[in-house]
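Scroll down for the structure; my scribbles are underneath it.
Computed from a predicted model, the values in this text were never measured in an experiment. Atoms within a ligand are numbered from 1 in the order they appear, just like the ligands themselves. When reading the values below, keep in mind they use all heavy atoms of this one structure, side chains included, and skip hydrogens, waters and symmetry mates.
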Amino acid sequence: MYQIYALKCGERDTTACEFFYREPSHDRITLHFFVWLILGGPHPVLVDTGFGEDDAKARGLRGYVSPAEMLGRMGIRAEEIPTALITHLHWDHWAGYRHFPAAEFWIQRDEVAFWTGAVARYDAFKMSANPGALSELVRLNYANRVRMVHGDREVLPGLRIHRIGGHTAGLQIVSVETAKGPVVLTSDASHFYRNVERFQPVQIITSLPEMLAGFETIHALAGSRDRIVAGHDPEVAQRFETVEPGIIRIA
Ligand SMILES: [Zn+2]
């Protein structure tokens, strides 16, 4: 059985109409930015790598704390993390790779192909990229630090990744056996609970049908709404147990 923690690295405001698909409301919404830590196996497993202070500043985030510092508060040295599951390669999930010099990064091959391919250069996609971090991905691959996978895969017994797509070409989510039952870390397959609960997509899309099918997959894997962990929703802190500011015990 595994234990899971959501570790917050910052926050930023936007508006509902800018974020949700065909949403008329101009209400202000706040995104929280996380990495997720899975304990209880033979070694810690990190889900996503966060980002650096450079992106936090450039993109107007408040309250930046580096993912390495958040892991330190959990008593874990970032330099020793051996496995990081990368849900997708947007800046806020990948650009923190440099905090984890010992990690092997598990990424869907469709995701790597997209961000190193012909379409990524258009503004509609480039706005979500950190080009320096994506260039480094190629070097890390030649250094045998990238494990490219396709589809669903068991990482450790009771810990699986599942290809979803939709928001990005090879977005993957993580399911984890815990004492509460199977917990699903959706990352950006469901930024907010209203995505997965009302089947409302977001604006940043590579495939709308995949995004909608992904909501069904999340429900099927979790089996209960209380075991779904949305990727950027401040409500995660209310639905689960906040241990100290920025550290939420999921299970
Ligand atoms: Zn994100």
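- Under a 4.0 Å N-O distance rule, the pair Arg249/Glu244 does not qualify as a salt bridge.
- Nearest N/O/S atom of Asp92 relative to the Zn ion (ligand 1): this is OD2.
- Its N, O or S atom nearest to the Zn ion (ligand 1) is what matters here, and for Asp188 that atom is OD2.
- The Zn ion (ligand 1) does not have His90 among its coordinating residues (no N/O/S atom, backbone or side chain, under 2.8 Å).
- Geometrically, Arg145 does not engage Phe105 in a cation-pi contact, judged by NZ or CZ lying under 6.0 Å from the ring centre and within 45° of the ring axis.
- The pair Glu177-Arg160 does not meet the salt-bridge criterion, since no charged nitrogen lies less than 4.0 angstrom from a carboxylate oxygen.
- At a cut-off of 2.8 Å, His232 is counted among the residues with an N, O or S atom near the Zn ion (ligand 1).
- A donor-acceptor pair under 3.5 Å is absent between the side-chain atoms of Tyr97 and the main chain of Glu136, judged by distance alone.
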